[in-house]
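Owing to the predicted nature of the structure, the values given are computational and were not obtained by experimental measurement. All residue numbers in this chain count up from 1 along the given sequence.
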Amino acid sequence: MSTSIHQRQQQQPHLHHPHLSSPSSISPRNPPNWQRPMSIFGRTGLLSLLTLMVVVGVLLPTMRMRMPDGFLSRTSVSKWRDYTLAQAAEFVGKNGTVIVCAVSQPYLPFLNNWLISIARQKHQDKVLVIAEDYATLYTVNQKWPGHAVLVPPAPDAQTAHKFGSMGFFNFTSRRPRHLLNILELGYNVMYNDVDMVWLADPFPYLQGDHDVYFTDDMTAVKPLNHSHDLPPPGKKGRTYICSCMIFMRPTSGAKLVMKKWIEELQAQPWSKAKKANDQPAFNWALNRTAGEVDLYLLPQAAFPTGGLYFKNKTWVQETKGKHVIIHNNYITGFEKKIKRFQEYGLWFVDDHAQESPLGKI
């Protein structure tokens with residue numbers, strides 16, 4: 001943001017008039033050669049005042065319309081830069097619960113789509129957007145004050161990263177730190193990726209007092225009454241739990257999983273040879289803490305992976321009416337995800353933006 005917008009106009013230097021050099025220079029006998037001050041109540045004065053009011057009335061709204069969408073005053077910018085995670089969690093935490101997502105500017109349309117679906121379930125007030133760049137921080141807080149926070153340092157890149165890229169790894173690897181911090185503040189926390197859509201209220205499915213709730217990312221169909229235990233490891237020696245939909249209570253067990261997740265990410269950094277992402281590390285963290293932590297696998301019919309929901313029409317029909325949160329995964333690419341949502345009637349932004357707390361962005 002250019003600081004020139006906010007710079008104060010320099011004060012004009014005071015002109016030194018020769019007739020003001022001494023009190024005696026102004027007298028009835030020797031009046032200075034000045035014109036009489038124009039009275040605002042005279043015809044000319046009233047006309048000038050009316051002209052000024054018209055100009056201001058026309059130009060000021062136009063100037064405001066031309067300001068960039070994310071424009072904020074210096075005071076507001078400073079306020080949101082200094083806004084802390086603790087302050088944000090306290091502001092949005094309803095009944096001790098915070099719904100969290102992490103977003104960079106290219107994914108604002110997905111954020112809005114996700115928010116529309118949450119607003120339909122009356123849970124939007126609990127949402128906290130963790131902005132991964134300052135443009136997102138200012139855009140969200142301008143339209144929906146207090147619902148976005150940036151936890152520094154912000155990642156450098158502001159482009160939509162492809163799955164498996166270093167940028168994607170750097171973006172997603174910040175997630176467990178954010179979630180752990182919120183748990184340490186004493187809140188229940190639900191994390192969602194923003195390429196999800198809520199079709200029903202998920203909270204009734206968070207039964208019991210388990211530490212960590214999660215969904216299976218495997219496409220194999222499970223029986224409707226499947227076990228809620230952590231599934232057995234797959235071919236790579238670990239489970240295939242999705243790291244994109246997680247609910248946790250502020251327990252020592254949940255905090256332990258987040259700490260292990262952070263450790264696993266540090267032990268498995270991204271490289272060109274091994275294009276890591278955050279999900280394997282999350283699974284290793286679950287597997288290695290399973291004996292110490294109370295884990296709960298959410299029902300597949302309610303929380304299906306995209307590889308099942310979008311690719312198995314028979315299963316979708318058999319479980320119709322049971323779906324709660326749909327994840328648009330098992331597909332890569334910004335435009336491809338939007339197109340798939342559109343084809344299934346799950347892209348709400350174009351026709352229902354007014355239902356989002358952000359409105360149209």
Mind checking salt bridge (charged side-chain N to carboxylate O under 4.0 Å, His left out) for Lys260 and listing every partner two or more places apart, or none if nothing turns up?
Glu263
Side-chain atoms of residues 301-313: list all donor-acceptor pairs with protein atoms under 3.5 Å, sequence neighbours left out, distances to 0.1 Å.
unit_1: Thr305; atom_1: OG1; unit_2: Asp217; atom_2: OD1; d: 2.7
unit_1: Thr305; atom_1: OG1; unit_2: Asn329; atom_2: OD1; d: 3.3
unit_1: Thr305; atom_1: OG1; unit_2: Asn329; atom_2: ND2; d: 3.4
unit_1: Asn312; atom_1: OD1; unit_2: Thr314; atom_2: N; d: 3.4
unit_1: Asn312; atom_1: OD1; unit_2: Trp315; atom_2: N; d: 2.9

How far does CE of Met218 sit from SG of Cys242, to the nearest 0.5 angstrom?
12.5 Å
Apply the test ring pair (Phe, Tyr, Trp, His ring centres under 6.0 Å) to residues Phe214 and Phe282: give CA-CA distance (whole Å), side-chain angles for both, the deciding distance (0.1 Å), then the verdict.
CA-CA 11 Å; Phe214 44 79; Phe282 177 59; 7.0 Å; no
Nearest non-hydrogen partners of Ile116 and His352, listed with the distance:
CD1-O, 3.4 Å
Correct closest heavy-atom pair for Ala131 and Leu137 would be CB-N, 3.5 Å
Please tell me whether Asn192 and Trp198 have a donor and an acceptor in their side chains that are separated by less than 3.5 angstrom.
yes
Hey, are Lys360 and Asp350 close enough for a salt bridge, meaning a charged N less than 4.0 Å from a carboxylate O?
no
Decide if atom CG of Asn95 counts as having more than 12 heavy atoms of other residues, nucleotides or ligands within a radius under 6.0 Å.
no
Here the gap from Asn287 atom CG to Leu230 atom CG, rounded to the nearest 0.5 Å, amounts to 5.5 Å
Donor-acceptor list for residues 180-190 side chains, cut-off 3.5 Å, not counting sequence neighbours:
unit_1: Asn181; atom_1: ND2; unit_2: Arg177; atom_2: O; d: 3.2
unit_1: Tyr187; atom_1: OH; unit_2: Glu90; atom_2: N; d: 3.4
unit_1: Asn188; atom_1: ND2; unit_2: Thr97; atom_2: OG1; d: 3.3

Starting at CG of Asn112, measure out to CG of Leu358 and round the result to the nearest 0.5 Å.
5.0 Å
Does the side chain of Trp284 come within less than 4.5 Å of Arg288's, by heavy atoms?
yes
Under 3.5 Å donor-acceptor pairs involving side-chain atoms of residues 201-208, not counting sequence neighbours:
unit_1: Asp201; atom_1: OD1; unit_2: His123; atom_2: NE2; d: 3.2
unit_1: Asp201; atom_1: OD1; unit_2: Phe203; atom_2: N; d: 3.0
unit_1: Asp201; atom_1: OD2; unit_2: His123; atom_2: NE2; d: 2.9

Within the 4.5 Å heavy-atom criterion, are Ile246 and Tyr213 side-chain neighbours or not?
no
Would you please indicate yes or no on a ring centroid separation below 6.0 angstrom for Phe110 and Trp347?
yes
For Asp216, enumerate each residue passing the salt bridge (charged side-chain N to carboxylate O under 4.0 Å, His left out) test, keeping only those at least two apart in sequence or located in another chain.
Lys222
Over all atoms of both residues, closest heavy-atom pair of Leu108 and Val140:
CD2-CG2, 4.4 Å
Ile130 vs Leu150, side chain to side chain contact (heavy atoms under 4.5 Å, CB included): CA-CA, chis, key distance, verdict
CA-CA 6 Å; Ile130 296 184; Leu150 188 145; over 6 Å; no
Go through the structure and list residues passing side-chain contact (heavy atoms from CB on, under 4.5 Å) with Ala88, not counting sequence neighbours.
Tyr83, Leu128, Val149
Spacing of Phe348 atom CZ and Gln342 atom CD [to the nearest 0.5 Å]:
12.0 Å
Side-chain heavy-atom pair Met258, Met248 within 4.5 angstrom cut-off
yes
Roughly how far, to the nearest 0.5 Å, is CG of Leu295 from CD1 of Ile241?
9.0 Å
Give the minimum heavy-atom separation between His226 and Pro299, together with the two atoms involved.
NE2-CA, 3.4 Å
Go through Met196 and Ile326 one step at a time and tell me if the side chain to side chain contact (heavy atoms under 4.5 Å, CB included) criterion holds.
CA-CA 6 Å; Met196 291 183 166; Ile326 306 303; over 6 Å; no
Sequence neighbours left out, what pairs pass salt bridge (Lys or Arg N to Asp or Glu O under 4.0 Å) with at least one residue falling in residues 226-246?
none
Minimal non-hydrogen separation, Trp261 against Arg175, with atom names:
CH2-CD, 3.8 Å
Testing the basics here: between Pro109 and Val349, what is the closest heavy-atom pair and its distance to 0.1 Å?
O-CG2, 3.5 Å
Among all residues two or more places apart in sequence or in another chain, which pass the side chain to side chain donor-acceptor pair (under 3.5 Å) test with Gln87?
Thr84
Per the salt bridge (Lys or Arg N to Asp or Glu O under 4.0 Å) rule, what does the pair list look like for residues 99-109, sequence neighbours excluded?
none
In the structure I gave you, are the side-chain heavy atoms of Leu224 and Thr319 within less than 4.5 Å of one another anywhere?
yes
Residue pairs fulfilling salt bridge (Lys or Arg N to Asp or Glu O under 4.0 Å) with at least one residue in residues 320-341, sequence neighbours excluded:
Asp195-Lys337
How long is the gap from CG on Leu256 to CG on Asp211, to the nearest 0.5 Å?
9.0 Å
Among side-chain atoms of Tyr330 and Asn328, is any donor-acceptor pair under 3.5 angstrom?
no
Would you please name every residue forming a side-chain contact (heavy atoms from CB on, under 4.5 Å) with His147, sequence neighbours left out?
Phe91, Val92, Trp144
Among all residues two or more places apart in sequence or in another chain, which pass the salt bridge (charged side-chain N to carboxylate O under 4.0 Å, His left out) test with Arg249?
none
